[in-house]
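Just so we're on the same page: letters track the sequence lines, and every chain starts at 1.
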Number of protein chains: 2
Amino acid sequence: MQITLKDIARMAGVAESTVSRALNDKPGVGKETRLKILKIAKENNYRPNQLARGLAAKKTNMIAVILAEMDSPGNIEIVKSIEKAAEKRGYQIILCNTNNQEDKEESYLSLLESNQVDGAIFIGGKLVGSHLLKASFSQDNRIVLVNRLAEENFFTSVLTDYSQGLYKAVEHLLKENFKKIALVCGNRDNLVEEEKISGYKNALRDSGLEVNEELIFSTANNRQAGYNVFLEIIEGDVIPDSFISTRELTTIGLVEAIKMGGYFIPDDFAVVGYGDNILTSVIDPPLTVLGEPVEKLGKSSLEFLLELINEKMDSQQIKVLTPELIIRESSISKYN
Amino acid sequence: MQITLKDIARMAGVAESTVSRALNDKPGVGKETRLKILKIAKENNYRPNQLARGLAAKKTNMIAVILAEMDSPGNIEIVKSIEKAAEKRGYQIILCNTNNQEDKEESYLSLLESNQVDGAIFIGGKLVGSHLLKASFSQDNRIVLVNRLAEENFFTSVLTDYSQGLYKAVEHLLKENFKKIALVCGNRDNLVEEEKISGYKNALRDSGLEVNEELIFSTANNRQAGYNVFLEIIEGDVIPDSFISTRELTTIGLVEAIKMGGYFIPDDFAVVGYGDNILTSVIDPPLTVLGEPVEKLGKSSLEFLLELINEKMDSQQIKVLTPELIIRESSISKYN
DNA sequence: TTGTAGGCGTTATCAC
DNA sequence: GTGATAACGCCTACAA
């Protein structure tokens, strides 16, 4: 059995409250008493019971990071950034994976509702469901969204400017003389994907080109889907000369399919992929990618959350960060 | 403010204890009363405060999964497997990342000590430190180790038989007529790495070959280290004709360096890498790898932990699973 | 079947 | 500076 405050109080011959004060560095304890208490605590390897502490203080110093998918190295990087920032501020992270399942999201949300964590950061995921919306009101809004859009902007959020990212990517490909750019993006029930599409369209239009809806493909975010969509595309009526893929795993599958089909990148098809991380960097040829500002996304989201928790935020905030186009071989025209 | 048991009791005109029983599916509540209580709870979107529940019942239905490194796709797969198994049994997972730092491990261990979780699974990591050992006694041993060795086997563990894995890999390379097999493994303060080395040595000896210690290289587990060790090796006295790399990230870097140096795989150097996952599968040429039984590792570890928690385990157990050698192009001799 | 009361380990609010 | 004492929200004997 663990040793408790009460035990220490008895050993030191003082009251529980005094021990509590001493152990929490609070004023109102004599120097001698404090030292004595600290010594006893250490000798007995005392560990405060966080449950009791949380119950009494309504504060746990833990925050939940709720991840829509764990397969994405980019997301993992964001988590690591949050973790780093949290550590500095004395917070612990607990990571929860929802696998894009709403019910799981709901069940993890109860960590917040039952005060097991002081706040929550949601990374990625589809449209914001009703339970989350409800939580945004009832839970004092101790929630920050990362790379996730809600139809109504009730949430403090940190977002990547996907529209601008896609715009840059199209611009780049056009400059390299690629004319028929296919867009491989996600399902449109995810608002983030809609934004990508709009960036893509705007760039084309601003260059005086028409948008061909047949060159926009919505797929699931996994390798197989990326692979399959290429097969589908080369069987189709309109054959593109280049691809922009907006998610990591899809990018992997797409590149794989192109190479498997005996085609060359960028000679036959140029590719702009997604995510500047180990996964995409391993691919041959070196891939031009749209890189998320993962470090900043993580750091900013934690800062926002702490402001919310400490009630230092006057109104709900939204921060938009710009993705970076990292140009490598896969999108450089050889005939330029 | 959240609604509490007491509120519901008041609304239903019954005692708190009755509400508690009703909500927890415990016997001793009239059907009518139970229905009424359930209805009120639902209408008011009641969520039990898990802190209070945990404090009173000394049971949280949460388990901590403590990860030495988050960069490894293999580890992530194990986590997902644990998660899947846990969900079926009504447990939630919280994921903690230690980055191989002992102090972090200790701080996460306090989740166990303060009863915030019912048990903990440690995945990977170096030698078991003193705090963990201490915990193994005082915390009723609600700890399971995955792919981690302790000097004294106090822990219930699920292990990959690295020795056998390496044995297989060497055997395979020898059969393919590679004679000078370099081993790129981790630091020897990690007992797991020692085991790999012993498998490597045994296979050589059993084939009547001598072990050349100069062909064994210990590096950190990251890409850069894998890259650097190759540069170091080709500058050295003994040039190998093949490599076995025992960790994912090192494998990536090693392959990169080989290709960067203008060498071909397997023509100039054969490679057996580590981890059958998306990261290694993306590499060109297709890599022969030692694949961990990630699915089983996760599932077994959770089962063990639940047995420990429910005190259904008579004595400490160890399960050893066999890794699989997945043979692809990178280790097939062209002159065979 | 239901209610009462005590306790889980801590923090916070008073007095003294 | 220190000590009682009452929360925090829930569970679990035990009594009714």
* Does a donor on one side chain and an acceptor on the other come within less than 3.5 Å for A/N187 and A/E193? ->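 A/E193 and A/N187 do not have a side-chain donor-acceptor pair below 3.5 Å.
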* Taking only the side-chain nitrogens and oxygens of A/N49, find out if one of them lies under 4.0 Å from OP1 or OP2 of C/dC8. =>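 It does not, given that no N or O in the side chain of A/N49 lies less than 4.0 Å from OP1 or OP2 of C/dC8.
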* salt bridge (Lys or Arg N to Asp or Glu O under 4.0 Å) partner of B/D118, chosen from B/K58, B/K59, B/R89 ->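 Checked B/K58, B/K59, B/R89 against B/D118; only one passes salt bridge (Lys or Arg N to Asp or Glu O under 4.0 Å): B/K59.
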* **B/T60, B/I309, B/L302 screened by side chain to side chain contact (heavy atoms under 4.5 Å, CB included) with B/Y91, the one that passes** =>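 By the side chain to side chain contact (heavy atoms under 4.5 Å, CB included) criterion, B/Y91 pairs with just one of B/T60, B/I309, B/L302: B/I309.
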Counting any heavy atom closer than 4.0 Å, what does [X] reach on the DNA or RNA strands: base, sugar-phosphate only, or nothing?
X	value
B/T4	sugar-phosphate
B/P48	sugar-phosphate
B/S20	base
A/Q50	nothing
A/K59	nothing
B/G30	sugar-phosphate

* Could you give the CG-to-P distance, from B/N115 to D/dC11, as a whole number of Å? ->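 Distance, rounded to whole Å: 15 Å.
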* Do B/R21 and C/dG3 share a donor-acceptor pair, side chain to base, under 3.5 Å? ->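 Answer is yes: a donor-acceptor pair is held.
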* Would you say the base of D/dA4 and the side-chain of A/S17 have a donor-acceptor pair closer than 3.5 Å? ->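 Indeed there is one.
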* Degree of bending in the helix from C/dT1-D/dA16 to C/dC16-D/dG1 once both end axes are built from five pairs, to 10° ->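 Inter-axis angle at the ends, rounded: 40°.
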* **Given D/dT12, D/dC11, D/dT2, the nucleotide with the shortest approach to the side chain of B/N24** =>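 Nearest to the side chain of B/N24 among the choices is D/dC11.
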* From the options C/dT4, D/dA4, C/dC8, select the nucleotide whose nearest atom is closest to the side chain of B/A15. =>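 So the nucleotide nearest the side chain must be C/dT4.
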* Asked: Shortest non-hydrogen contact from B/Y108 to B/N97?
  ->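 Result for this residue pair: CE1-O, 3.4 Å.
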